[in-house]
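Owing to the predicted nature of the structure, the values given are computational and were not obtained by experimental measurement.
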Amino acid sequence: MSAQNKHAAVTSESRALVIGSAGFLILGVLALLLVGRQPVPLSGRGSVGDIAALGTAVLGAGAVVSGCLQRSGPESPRASGDGRTRDVIDIAALALAHGCIFLLGWLALFSLLQQAFVGAVLYPLAGAIIVAITGAISAYSAYLSAISMNAYRLAALLAVFLVMGVLTSMLTAQNPQWWQENLSALGMSSAVSGVAFNVTLIIAGVVVTTLAGYSTRTLESMAKTALSRRRVRLLEGGIILIGILLACVGLFPVDEQFWLHTAAASGMVVVFGTLIVRMRSLVPSIPATFNVLGLVFLAVIAFAVVMYFPFGYYNLTAVELISASLVFAWLIVLIRNLAAVEADQPDAKQSTRPQFHWTDAGGHTAAPGPDRTATDF
């Protein structure tokens, strides 16, 4: 272990504590200014919950950007405009996803607290301290999340973000019978539920494109021939296309752009099916059990569609929930299987993407040594 990386874990924790302390001070002072001299509720308009949610969303996103830039480092070898553009998109996707998770998470928590303490209000100083604590927790955790980000953590982040966003949209839907129409009906409102649903899909789509780079980085570095490099690019392109189509589902609400919305949703399933069918040729070393699982998922989706369209056994919402759940479950399992393929390659080269480099316990970039394998990232 080099002297540069010997104390990387301690350094990361120290920086995270500094960022967390800054978050505490910033949100504490901001809350004192916004609350004024009157007691405030835990949740609702003008509450400490709103201040904490909005403040932590901004602070969390900023902490993620700081962590990602720390990972890249000034020694980044990338100089091409395309490479820098992709890095900016990746960092922005991570920052937005973390910011939205903090926004939705703190709003939900303070809403629950208000229901637990019915009629309770907070004095200005107490409210400011509570908001400051949320700022410290969010900034601290966001920085550490970014500095140690890898494919596993990104897949988990995507799952948490999607669940929180869609659940928020369901719980705040103005029409309690939305499920009798279709899942996309959640995005037809201009209220909180519609905004939450559409924004969740857009940001999740960008995160999926970032996931493509994380999941194929070592496969690309190991590619020796033009054919193998082309296979990796096709796999990465397919995952990116799923992300773009997912974002389009949120960009084009079903009540405003029905055909574009439907085309994007259907196209996502088509790309998903194409990747499943071609997976063995794209990644010959991937486990056969994963290929079988993909075919099973595809068969279940086809069965769900058949049960709806000809027979009307259940409504469209059930079909969409089944399809979306299986598509994202497959993506997460794909990441784990690609990581397993990489782990079986002891001579895997270091990726050329700086923020996707090997990381030590503290999350800092470290060159692979003789005792470092592809499982270290």
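Sorted pairs that involve residues 30-54 and meet side-chain hydrogen bond (donor to acceptor under 3.5 Å, both in side chains), not counting sequence neighbours, are lacking altogether. Among residues at least two apart or in separate chains, there is no ring pair (Phe, Tyr, Trp, His ring centres under 6.0 Å) pair with a member in residues 159-188. Applying the ring pair (Phe, Tyr, Trp, His ring centres under 6.0 Å) rule to pairs touching residues 87-114 yields nothing, sequence neighbours excluded. Listed by first then second residue, pairs satisfying ring pair (Phe, Tyr, Trp, His ring centres under 6.0 Å) with a partner in residues 258-304 read F272-W330, F290-W330, not counting sequence neighbours.
The side-chain hydrogen bond (donor to acceptor under 3.5 Å, both in side chains) check on S228 picks up T225, with sequence neighbours excluded. L171 meets the side chain to side chain contact (heavy atoms under 4.5 Å, CB included) test with no other residue; sequence neighbours excluded. For A92, there are no side chain to side chain contact (heavy atoms under 4.5 Å, CB included) partners two or more places apart in sequence or in a different chain. Every residue two or more places apart in sequence or in another chain that forms a side chain to side chain contact (heavy atoms under 4.5 Å, CB included) with L316 is listed here: N182, Y308, V319, E320. Not counting sequence neighbours, the partners of Q180 by the side-chain hydrogen bond (donor to acceptor under 3.5 Å, both in side chains) test are Q177. With sequence neighbours excluded, the residues forming a side chain to side chain contact (heavy atoms under 4.5 Å, CB included) with S281 are R278, listed by chain and number.
Side-chain heavy-atom separations under 4.5 angstrom define the hydrophobic clusters, and the remaining members of the one that includes L54 are L103, L107. The other residues sharing a hydrophobic cluster with L33 are V29, where clustering joins ILVMFWY side chains under 4.5 Å apart.
Within the 4.5 Å cutoff, the side chain of M164 has heavy atoms near those of the I101 side chain. Looking at M149 and V64, their side chains never come closer than 4.5 Å, going by heavy atoms from C-beta outward. A heavy-atom distance below 4.5 Å is found between the side chains of N198 and P253. Using a 4.5 Å heavy-atom cutoff, the side chains of V207 and L94 are not in contact. Here the side chains of L293 and V333 are in contact, with some heavy-atom distance below 4.5 Å. V283 is not listed as a side-chain neighbour of R231, based on a closest heavy-atom distance of 4.5 Å or more. Between V40 and P124, the closest side-chain pair of non-hydrogen atoms is not below 4.5 Å.
No donor-acceptor distance shorter than 3.5 angstrom exists from the side chain of S138 to the backbone of G135, with no hydrogens or angles considered. S169 contributes no side-chain N or O that, together with a main-chain N or O of G165, makes up a donor-acceptor pair within less than 3.5 Å. Checking side-chain atoms of R153 against main-chain N and O of S145 turns up no donor-acceptor pair under 3.5 Å.
The OG1 atom of T210 sits 10.0 Å away from the CG atom of D87 when rounded to the nearest 0.5 Å. Interatomic distance, CD1 of I19 versus CD1 of I26, reported as 10.5 Å (0.5 Å rounding). Note that the CG atom of L158 and the CD1 atom of I332 stand 6.0 Å from one another [nearest 0.5 Å]. For the atom pair CG (L251) and CD (Q257), the distance works out to 10.5 Å, reported to the nearest 0.5 Å. One distance of note links CE of M279 with CD1 of I286; it measures 5.5 Å at 0.5 Å rounding. To the nearest 0.5 Å, the span separating CG on L241 from CG on L234 amounts to 11.5 Å.
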Exercise. Check the pair L17 / Y140 against side-chain contact (heavy atoms from CB on, under 4.5 Å), numbers first and verdict last.
Key: CA-CA 6 Å; L17 288 173; Y140 174 83; 3.8 Å; yes
Exercise. Assess whether side-chain contact (heavy atoms from CB on, under 4.5 Å) is satisfied between C100 and I203, documenting all intermediate values.
Key: CA-CA 9 Å; C100 287; I203 297 177; 3.4 Å; yes
Quiz prompt | Test log, rule side-chain contact (heavy atoms from CB on, under 4.5 Å), inputs F197 and T168 | solution = CA-CA 8 Å; F197 183 78; T168 300; over 6 Å; no
Practice problem: Please step through side-chain contact (heavy atoms from CB on, under 4.5 Å) for the pair L334 and I239, ending with a clear verdict. | Solution: CA-CA 10 Å; L334 171 64; I239 300 174; 3.9 Å; yes
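Among I240, I276, I242, the single residue meeting the side-chain contact (heavy atoms from CB on, under 4.5 Å) criterion with V271 is I242.
Hydrophobic clustering (ILVMFWY, side-chain heavy atoms < 4.5 Å, transitive): V131 and V121 are in distinct clusters. Note: the hydrophobic cluster containing I51 does not contain V58 (ILVMFWY, side chain heavy atoms under 4.5 Å, direct or indirect links). The hydrophobic clustering, which links ILVMFWY residues whose side-chain heavy atoms are closer than 4.5 Å, places L34 and L59 together. In the hydrophobic cluster analysis, where Ile, Leu, Val, Met, Phe, Trp and Tyr join through side-chain heavy atoms closer than 4.5 angstrom, V160 is grouped together with V163. Transitive grouping of hydrophobic side chains (ILVMFWY, heavy atoms separated by less than 4.5 Å) brings L157 and V327 into a common cluster.
A 6.0 Å sphere centred on CZ of R229 holds more than 12 heavy atoms belonging to other residues, nucleotides or ligands.
Shown here for L186 and A173, the closest heavy-atom pair between the two residues is CD2-CB, 4.1 Å. Considering all non-hydrogen atoms of both residues, A142 and G60 come closest at CB-O, 3.5 Å.
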